[in-house]
Amino acid sequence: MGNSSWKPKKSPKSLDMTEENFWLMKSEPNAYSIETLKNDEVTLWDGIRNYQARNFMRKMNKGDKVFFYHSNCKPPGIVGLMEVIDLNIIDPTQFDKDSKYFDPKSKPENPRWDCVKVKYLSKSDKILSLPELKNLFSEDELLVVKKGNRLSIIPVQNDTAKILLEKI
DNA sequence: GCCAACGTTGGC
DNA sequence: GCCAACGTTGGC
């Protein structure tokens, strides 16, 4: 449960009507879990190799809230909340030959992949399971949790986000 | 620039 | 382990 009393921020950037305040990002807990983030406190959301997901990260603002979703596990669902604290960071793993995210087609003079930095806010007492999310999400939002969908980042509408915040 | 083949994701 | 639903690749 979050202790916070934050509100959707009113920064100068929010004059931009395309601003999104809430997002959902997926990670397999085997690869990176909410517990790991809690220990790390801060992490780079690197390794995203899907253009649409990358483009969503490019639309993020500092202070945006992100629902952390555990995928490919039992049970899948939202397990916590984090906050975007830094933007437009070149993903270092694309140039790391030892990384599973190494991209030989990406050149340092023209990097293909970038990402955001997030910080831990809270871990849910109880997982918000996929069946529950299917009832709460709009059609667009369901795209991220659809079977076989490779999109791992999606904007969450404010109305949906308010409901989710009550439940995590 | 089409599209068939292929690889990956991820719930079930 | 199955397989639907995608994104990517590459021959033409």
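Quick note on labels: first sequence line is chain A, next is B, and so on, each numbered from 1. Because only heavy atoms are used, hydrogens play no part in the values below, and waters and symmetry mates are left out as well, while side chains stay in.
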* Structure fact -> Atom CG of L143(A) and atom C1' of dG11(B) are separated, to the nearest Å, by 16 Å

* Rounded to the nearest 0.5 Å, what separation is found between the CD1 atom of I89(A) and the CG atom of D46(A)? -> 9.5 Å

* Asked: What is the distance, rounded to the nearest whole Å, between atom NZ of K74(A) and atom C1' of dG11(B)?
  -> 12 Å

* Asked: Which whole-number value in Å describes the distance from N30(A) CG to dT8(B) P?
  -> 18 Å

* **Distance-only side-chain donor-acceptor flag, R49(A) / T93(A), under 3.5 Å** => yes

* Determine: side-chain N/O of K134(A) to OP1/OP2 of dC12(B), distance under 4.0 Å, yes or no. => yes

* To do: Can you tell me the distance, in whole Å, between the CZ atom of R49(A) and the P atom of dT9(B)?
  => 12 Å

* Asked: So, is Y69(A) close to the dT9(B) phosphate, meaning a side-chain N or O under 4.0 Å from OP1 or OP2?
  -> no

* Atom-pair distance (CG on L133(A); P on dG10(B)), nearest Å -> 14 Å

* Asked: What's the closest nucleotide to the Q52(A) side chain, out of dG11(B), dG7(C), dG10(B)?
  -> dG7(C)

* Give the rounded distance in Å between these two atoms: CH2 of W113(A) and C1' of dT8(C). => 11 Å

* With respect to the phosphate group of dT9(C), does any side-chain polar atom (N or O) of K105(A) fall under 4.0 Å of OP1 or OP2? -> yes

* Give me the one residue out of Q94(A), R54(A), R58(A) that meets side chain to side chain donor-acceptor pair (under 3.5 Å) with D114(A). => R58(A)

* Nearest-Å distance, CG (N72(A)) to P (dG10(B))? -> 7 Å

* Structure fact -> d(N149(A) CG, S71(A) OG) to nearest 0.5 Å is 11.5 Å

* **Separation of dT8(C) C1' from R150(A) CZ (nearest whole Å)** => 7 Å

